Amino acid sequence: MRLKKAFCLLLASILAFGCLAMDAGAVQTETESDTLVIERASGRFSVDVSKQSTFTADSDFFLDVGETVTITATYTPRSASVDFGLIAPDGLFYSLPGQRGSFSETFKIDQRGYYTLAIRNNSDSAVSVSGTVTY
């Protein structure tokens with residue numbers, strides 16, 4: 001019995017000493033250069049678009065392949081036929097139609113270059129449009 005207690009005491013001492021003598025190590029954490037920063041820009045617009053005409057924004061913005069642009073807007077009258085989209089570097093207007101006075105879509109960019117927000121009014125009367133564009 002005494003031998004068993006002595007053996008247990010010896011093992012407990014070795015375990016305690018092993019825990020106290022354990023080396024402390026440093027762990028490398030993420031630095032700013034290791035993190036991915038995604039910069040996004042957002043802008044508001046409010047414009048009246050004449051009948052059967054297209055509004056184009058005064059400024060354009062540079063986008064790379066794979067980036068996205070989200071356009072969210074409302075317009076009146078709700079029955080108007082309005083297309084929202086982007087004029088791409090190739091000069092083409094890539095658009096989708098609004099429905100019942102609202103629009104909320106995300107466009108995925110497939111060619112690098114400068115893009116311009118455009119709104120086309122296909123109606124026989126003027127429309128008032130307001131919203132945001134995020135890229």
Side-chain angles (χ1 to χ4, degrees):
M1 183 76 163
R2 242 178 184 204
L3 185 61
K4 195 174 190 181
K5 282 185 180 182
F7 184 69
C8 285
L9 183 61
L10 177 66
L11 285 178
S13 298
I14 291 172
L15 183 62
F17 181 72
C19 290
L20 294 174
M22 189 178 293
D23 289 337
V27 177
Q28 182 178 358
T29 60
E30 272 188 42
T31 62
E32 281 189 39
S33 62
D34 293 339
T35 58
L36 176 64
V37 176
I38 299 174
E39 293 184 27
R40 303 295 282 180
S42 181
R44 293 191 153 297
F45 58 88
S46 182
V47 63
D48 291 330
V49 185
S50 302
K51 65 180 183 176
Q52 300 293 321
S53 67
T54 302
F55 162 82
T56 56
D58 293 336
S59 61
D60 52 10
F61 41 93
F62 186 82
L63 295 170
D64 210 343
V65 175
E67 291 187 281
T68 59
V69 176
T70 301
I71 301 171
T72 304
T74 57
Y75 58 90
T76 56
R78 291 174 44 128
S79 59
S81 172
V82 182
D83 297 329
F84 295 85
L86 301 170
I87 298 175
D90 61 10
L92 296 177
F93 179 41
Y94 296 92
S95 65
L96 292 170
Q99 293 182 347
R100 294 181 295 281
S102 67
F103 182 85
S104 183
E105 292 289 339
T106 299
F107 295 84
K108 186 171 182 181
I109 302 305
D110 60 359
Q111 57 180 297
R112 183 179 187 171
Y114 286 92
Y115 287 79
T116 306
L117 171 69
I119 303 167
R120 180 174 48 213
N121 179 4
N122 304 310
S123 302
D124 290 330
S125 61
V127 295
S128 293
V129 183
S130 63
T132 60
V133 59
T134 305
Y135 54 95

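Predicted model only: the values in this text are computed from it and were never measured.
- Heavy-atom minimum distance, Arg112 versus Pro89: O-CG, 3.7 Å.
- Between Leu117 and Ile71, the closest side-chain pair of non-hydrogen atoms falls below 4.5 Å.
- For the pair Glu67/Tyr135, no side-chain contact is recorded, criterion being any heavy-atom separation below 4.5 Å from C-beta on.
- Side-chain contact between Glu105 and Thr70 is absent, with no heavy atoms from C-beta onward closer than 4.5 Å.
- Taking OG of Ser79 as the start and CZ of Arg100 as the end, the distance is 12.5 Å to the nearest 0.5 Å.
- Between Ser125 and Lys51, the shortest heavy-atom contact is N-CB, 3.5 Å.
- Contact detail for Ala73 and Val129: the closest heavy-atom pair is CB-CG1, 4.2 Å.
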| task | Dump the intermediate steps for side-chain contact (heavy atoms from CB on, under 4.5 Å) on Asn121 and Ser50, then the final yes or no. | result | CA-CA 7 Å; Asn121 179 4; Ser50 302; 6.0 Å; no
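- Counting only N and O atoms by type, the side chains of Ser128 and Asp48 include a donor and acceptor under 3.5 Å apart.
- Residues Thr132 and Arg44 approach most closely at CG2-NH1, 3.2 Å, considering heavy atoms.
- For Pro77 against Val127, the heavy-atom pair with the smallest separation is CD-CG1, 3.9 Å.
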How far apart are the C-alpha atoms of Ile109 and Val65, what are their side-chain angles, what is the distance that settles it, and do they pass the side-chain contact (heavy atoms from CB on, under 4.5 Å) test? CA-CA 5 Å; Ile109 302 305; Val65 175; 5.6 Å; no
* To do: Go through Asp90 and Gln111 one step at a time and tell me if the side-chain hydrogen bond (donor to acceptor under 3.5 Å, both in side chains) criterion holds.
  => CA-CA 9 Å; Asp90 61 10; Gln111 57 180 297; 3.0 Å; yes
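- The 12-atom threshold is exceeded at CZ of Phe62, counting heavy atoms of other residues, nucleotides or ligands nearer than 6.0 Å.
- Following chains of ILVMFWY side-chain contacts shorter than 4.5 Å, one cannot reach Phe61 starting from Ile87, and the two form parts of different hydrophobic clusters.
- Contact annotation: the side chain of Val69 approaches that of Leu63 to within less than 4.5 Å [non-hydrogen atoms, C-beta and beyond].
- With hydrogens and angles disregarded, no donor-acceptor distance shorter than 3.5 Å links the side chain of Asp60 to the backbone of Tyr114.
- Legend: residues meeting ring-ring contact (aromatic ring centres under 6.0 Å, His included) with Phe45, ordered by chain and number and at least two apart, are absent.
- Residues Tyr115 and Asp110 come closest through the heavy atom pair OH-N, 4.4 Å.
- One distance of note links CZ of Arg120 with OG1 of Thr54; it measures 5.5 Å at 0.5 Å rounding.
- The residue from Val82, Ile119, Leu96, Thr72 that alone fulfils the side chain to side chain contact (heavy atoms under 4.5 Å, CB included) condition with Phe103 is Leu96.
- Ring geometry, Tyr75 versus Phe84: the interplanar angle falls from 30° to 60°, so the pair is classed tilted.
- Under the 4.5 Å side-chain heavy-atom criterion for Ile, Leu, Val, Met, Phe, Trp and Tyr, Phe55 and Tyr94 are members of distinct hydrophobic clusters.
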